[in-house]
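First the structure, in the form of structure tokens, and then the observations on it.
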Amino acid sequence: MENKCGYSKRNWAVPIPIYESHEQLVTYFAEQARRDHERQHYAQNRCIADLWEDDRRKLLTLPEHEFEAFRLGTAVVNKYGEIRVDERTVPLLGAATPGSEVLIQTFWDRLVILNGQHEQIREVPRPYTGRTVDIPWSQVCAGWLRKPRSVTHSQFLCMLPEILQAYVTVKDLTERKDRLQAMSHWCDIYTIEQIQEVMALLGQDTPVTRITAVLGVKYGSRDLPATWEETLSPPGTRAEGSLQRYDQLVGVS
């Protein structure tokens, strides 16, 4: 193939062809290749097109499915529900139990995590691709809730804004559990940025119920009708401001 590239360059591009568009250049090279196909082979004294037909019959059919190259490895889920692979911490909370072994398919651009039944449970991009992956904060907080003391040792703590780091690392374990349970619930509904904004507004010592209420008022999506259609009053009374019609209906004066 390399020899043919050199042959094409020397015979079809010397002198350098002049063209006005890439399409024109492609057409020019395609015509040169067609003419070359009709040339006699220097050693076999047969037309190159005929030789190609002989070789083409020997070619194997291409597979229907694309071959994907990957390296297969294993990892053990730590007590925090995480695995460490490719210099990255991957959370598997809720998808794999601590102490269990998972399979890792390392592709050129991504990591695919499989459970013991070869079912995919997570996919994350390789670090050098520059792509980011969303952290399942609700699952992370749920995992912390099962082991509240593990919060300060988790790789994910430093990824939270400072105000939320302080919020979930309160020393009192009972209070920490309440906050982690609330965080797990909030992260199912709101973004980390929204929670951070409300926390900065109210302060870390604000009761969970008040933070929940403010989040709901500020960011909650409530599908309220634009106009309220009143359907409870009897016909003939809905458009009247006076209550006289009600008195007549119930028989009082």
Side-chain angles (χ1 to χ4, degrees), residues 75-100 102 110-113 115 120-226 228:
V76 177
V77 183
N78 64 18
K79 61 183 178 180
Y80 309 119
E82 308 163 350
I83 60 172
R84 186 72 178 171
V85 56
D86 210 11
E87 299 183 357
R88 160 176 279 178
T89 300
V90 181
L92 299 178
L93 297 164
T97 57
S100 63
V102 295
R110 66 194 187 280
L111 299 170
V112 177
I113 316 300
N115 60 18
Q120 180 176 328
I121 56 179
R122 194 80 198 277
E123 179 178 324
V124 296
R126 299 286 295 275
Y128 57 77
T129 60
R131 290 181 294 160
T132 58
V133 60
D134 292 332
I135 298 176
W137 284 113
S138 178
Q139 296 178 17
V140 171
C141 293
W144 288 345
L145 182 59
R146 289 192 290 269
K147 291 181 177 291
R149 288 187 177 88
S150 70
V151 176
T152 54
H153 304 287
S154 175
Q155 298 283 340
F156 295 98
L157 180 63
C158 62
M159 300 180 190
L160 282 174
E162 291 185 3
I163 191 170
L164 296 182
Q165 290 184 35
Y167 186 73
V168 298
T169 54
V170 62
K171 291 184 178 180
D172 185 272
L173 289 182
T174 302
E175 180 68 17
R176 184 182 295 184
K177 287 182 179 180
D178 292 340
R179 294 184 177 186
L180 289 173
Q181 188 172 16
M183 279 289 294
S184 179
H185 170 70
W186 295 336
C187 290
D188 264 338
I189 306 172
Y190 312 106
T191 66
I192 288 294
E193 291 74 16
Q194 292 172 339
I195 300 172
Q196 175 190 10
E197 183 178 344
V198 171
M199 194 72 67
L201 177 66
L202 300 178
Q204 301 175 23
D205 296 327
T206 305
V208 168
T209 52
R210 176 164 171 74
I211 297 175
T212 304
V214 174
L215 280 169
V217 171
K218 193 172 180 64
Y219 299 112
S221 58
R222 295 170 294 171
D223 297 327
L224 296 179
W228 185 269

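- The distance from the CD atom of Q139 to the SG atom of C187 is 11.0 Å, given to the nearest 0.5 Å.
- A pairwise comparison of heavy atoms in R122 and P136 identifies NH2-CD, 3.8 Å as the closest pair.
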Chi angles and distances behind the side-chain contact (heavy atoms from CB on, under 4.5 Å) call for M199, I211: CA-CA 7 Å; M199 194 72 67; I211 297 175; 3.8 Å; yes
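- Using a 4.5 Å cut-off on side-chain heavy atoms (C-beta onward), V168 and C141 make no contact.
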As a quick check of understanding, evaluate side-chain contact (heavy atoms from CB on, under 4.5 Å) for V124 and R88, giving each step before the final call. CA-CA 10 Å; V124 296; R88 160 176 279 178; 4.0 Å; yes
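- One distance of note links OH of Y219 with OG1 of T191; it measures 7.0 Å at 0.5 Å rounding.
- In this structure, the side chains of K218 and E197 come closer than 4.5 Å at one or more pairs of heavy atoms.
- If you run side-chain contact (heavy atoms from CB on, under 4.5 Å) between I83 and each of V76, N78, V77, only V77 comes through.
- With values rounded to the nearest 0.5 angstrom, E87 atom CD is found 12.0 Å from Y128 atom OH.
- Pairing each heavy atom of T152 with each of R149, the nearest pair is OG1-O, 3.5 Å.
- Between the side chain of S100 and the main chain of A96, no donor-acceptor pair closer than 3.5 Å is present.
- Note that CG of L180 is 14.5 Å distant from NE2 of H185, once rounded to the nearest 0.5 Å.
- With contacts defined as side-chain heavy-atom distances shorter than 4.5 Å, the pair W137/M183 does not qualify.
- Between R126 and D86, some side-chain heavy-atom pair lies under the 4.5 Å cut-off.
- Of all the heavy atoms in L157 and W144, the pair that sits closest is N-CZ2, 4.0 Å.
- Here the side chains of W186 and V208 are in contact, with some heavy-atom distance below 4.5 Å.
- In this structure the side chain of E162 never reaches within 4.5 angstrom of the side chain of L164, judged on heavy atoms.
- Between the side chain of S184 and the backbone N or O of S138, at least one donor-acceptor pair lies under 3.5 Å.
- Distance check, rounded to the nearest 0.5 Å: OG of S150 to CD of E82 gives 8.0 Å.
- The shortest non-hydrogen separation linking V90 to F156 is C-CZ, 4.3 Å.
- Atom CD of Q181 is surrounded by 12 or fewer heavy atoms from other residues, nucleotides or ligands within 6.0 Å.
- The backbone N or O of V151 lies less than 3.5 Å from no partner atom in the side chain of S154, so there is not a single donor-acceptor pair.
- For the atom pair K79 NZ and T97 OG1, the distance stands at 15.5 Å (nearest 0.5 Å).
- Environment of CZ in R84: crowded, with over 12 heavy atoms of neighbouring residues, nucleotides or ligands closer than 6.0 Å.
- A heavy-atom distance below 4.5 Å is not found between the side chains of L145 and R176.
- For the residue pair Q165 and T169, the shortest heavy atom distance occurs at O-OG1, 2.6 Å.
- A heavy-atom distance below 4.5 Å is found between the side chains of I163 and Q204.
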